[in-house]
Amino acid sequence: MVNKANLFGYLVKHKWRYVRGLFLLILINVLQVLVPKITGQIVDGLETLSLDDRKLLYYGAILILISLMTFVSHFLSRLQVAGASNRFDYEVRNVMFDHMLKLSMKFFHRNRVGELMALATNDLGSLRMITSRGFNLMTNTLILLVSSIFIMVRYVDPRLTLYSFLPLPFLVLVMTKFGPMINRRFRRVQESFSDLTRKTTENITGIRVVKAFVQEDYEKENFAKVNQENFDINMDLVRLQGIFYPLINLISSLSFLIAFVYGGNLIINKQISLGDFIAFNGYLGIIIRPVMSIGMIINFAQRAKASKERIEDLLNEEPDIVDTVPDNPGPGQAEDFHGRIEFRNLTFAYDKKGPNVLENINLTIEPGKTLGIIGKVGSGKSTIANLILRLYDPLEEGQLLIDGVDITKTSLKRLRDNIGYIPQDNFLFSSTIRNNIGFMPEEPTLEEIRRAASISQIDESIMELPDQYDTILGERGVNLSGGQKQRVSIARALVRDPKILIMDDCLSAVDTDTERKILNELKPFMEERTCIIIAHRISSIQDADEIIVLDDGRIIERGSHEELLELNGYYNRIYQRQLLEQEIETA
Ligand code: ADP
């Protein structure tokens, strides 16, 4: 595959920040390593009484200067390294989002929302960890270990160093063994906590349903179960941490114990001075943390490697619906459609191995005409809309043409720009009503938006809201009723002034009266456009020029309303039933 994504490239861009950060970290560590040496000298000076007030002040000043320089270098190195890591995170996040928008519907069916979100949170988080904290830890560990060991061996005593180091490999072992276990349990604690939160939120938001269905006891039991799980998982973590931290302390104290006994012996035998002994203990204190860090770095690196691969997999995922005429539209490609839609022997399955969802569809809708589609749930109605929008490409056989051209030979932008689509699930964004209706590249004027909204019978209701078209929808704003949402969603399709209008069961949440009003208002609009109305109610489609009845992916009846009634088949049965329902309702 060409153009394979490599996240390393995004990191290399910030190499100079890392180089500056590295220098600052070296400076910090050198300063830190100096401290025990100076303390040792002070102790020796005090012991031999060779220190006077001035010298003591001098040493004090040096120690303060070291602290100050360490402070400033810490601040600057953090800016460099965390700055680079944040930029990396920011860029990769953007690239991931852009790429995800390009991917086809199939990808989103294959991957659950939670998994995709985890890429942007957990996986990007573990890369951030290795590129900032991991980098600092690695640098510090390396410099501190090498310099401390060098000073301990060179200026104090090699054997003392060797003996006191004996327990330290166990420290690395404990860290690499327990680290991932703690991580795993910690993640489970977080997951269980989010389960608990979800359960609580669900019960609060759905309190009406819980009460209406007298499910308080059931929900109480359910909640207690989730809460118990959360408790158990937390206790698991507590137990593990209960062993982990004391074990670390035990191993490090062993090092100090050896240093104390063996080092004490060396002082008694006058092989090292008391100052050397104190400096040595200082170095031992300094290197315990880096030694522990080795285990942590190994864990970070393993997690980051897996995360890097997962994110790269996403970036390497190729969209399966691609433009064949991307930037260079041929003759006629920039123009609006006339709107002639033709299905030629089209057979379609969502999955190669799956069943055919549409079979041998032959259908032509002339410009300006309206097609009504009716049929049972799952008969393939929405699939027809999906194919015209080219959300999926026909896998099996046949062709779908618009104005006589196969839709795969038209650019996706041109195709979708020419279609006004009103989906079944009328999804609205948590933004203003104006933004929701004017959801298109060139923002329409308020007049255009209001015109579209009045055709869909929602303008009046919007004008009654305190902020009118600037009203924010969603959790932080106003919640519209199902029918109102559908009407906003209809206005969103109309304002684009499309050549083709597809209404996927979008009138089901409005009453028959409003439906009639919307269809009446839409009439002049529809006369100039090719329309497809998918519906459950005959009243939504009875004026269509042609109506098809779908059953299990096949057209089983077709014709005008009158012709279909005469057929005395499925359509007629539905019609009679709906007529009866209406009579009962109005009775
Ligand atoms: P309708 O709109 O008539 O209710 P659809 O066109 O949505 O029916 O679905 C037709 C059939 O295709 C159903 O059996 C449905 O389960 C299946 N289907 C719909 N969408 C997908 C998809 N993305 N992947 C796999 N199968 C699907």
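Counting convention: from 1, in listed order, for ligands and their atoms alike.
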Quiz prompt | Listed partners of E563 passing salt bridge (charged side-chain N to carboxylate O under 4.0 Å, His left out), at least two apart | solution = none

Exercise. Report the residues that fulfil side-chain hydrogen bond (donor to acceptor under 3.5 Å, both in side chains) with T201, sequence neighbours left out, ordered by chain and then residue number.
Key: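 Expected list: none.
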
Quiz item: Quick one: does NZ or CZ of R529 land under 6.0 Å from the six-membered ring centre of F525, within 45 degrees of the ring axis?
Solution: yes

Practice problem: Collect the protein residues that have a non-hydrogen atom under 4.0 Å from ligand 1 and hand them over in chain and number order. | Solution: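 Correct list: H109, Y350, V357, K376, V377, G378, S379, G380, K381, S382, T383, Y392.
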
Quiz prompt | Listed once per pair and sorted, the salt bridge (Lys or Arg N to Asp or Glu O under 4.0 Å) pairs that draw on residues 455-469, sequence neighbours left out | solution = R450-D459

Quiz prompt | Pairing of D195 and K199 as salt bridge, 4.0 angstrom limit | solution = no

Quiz item: Hey, is R310 close enough to D313 for a salt bridge, meaning N to O under 4.0 Å?
Solution: no

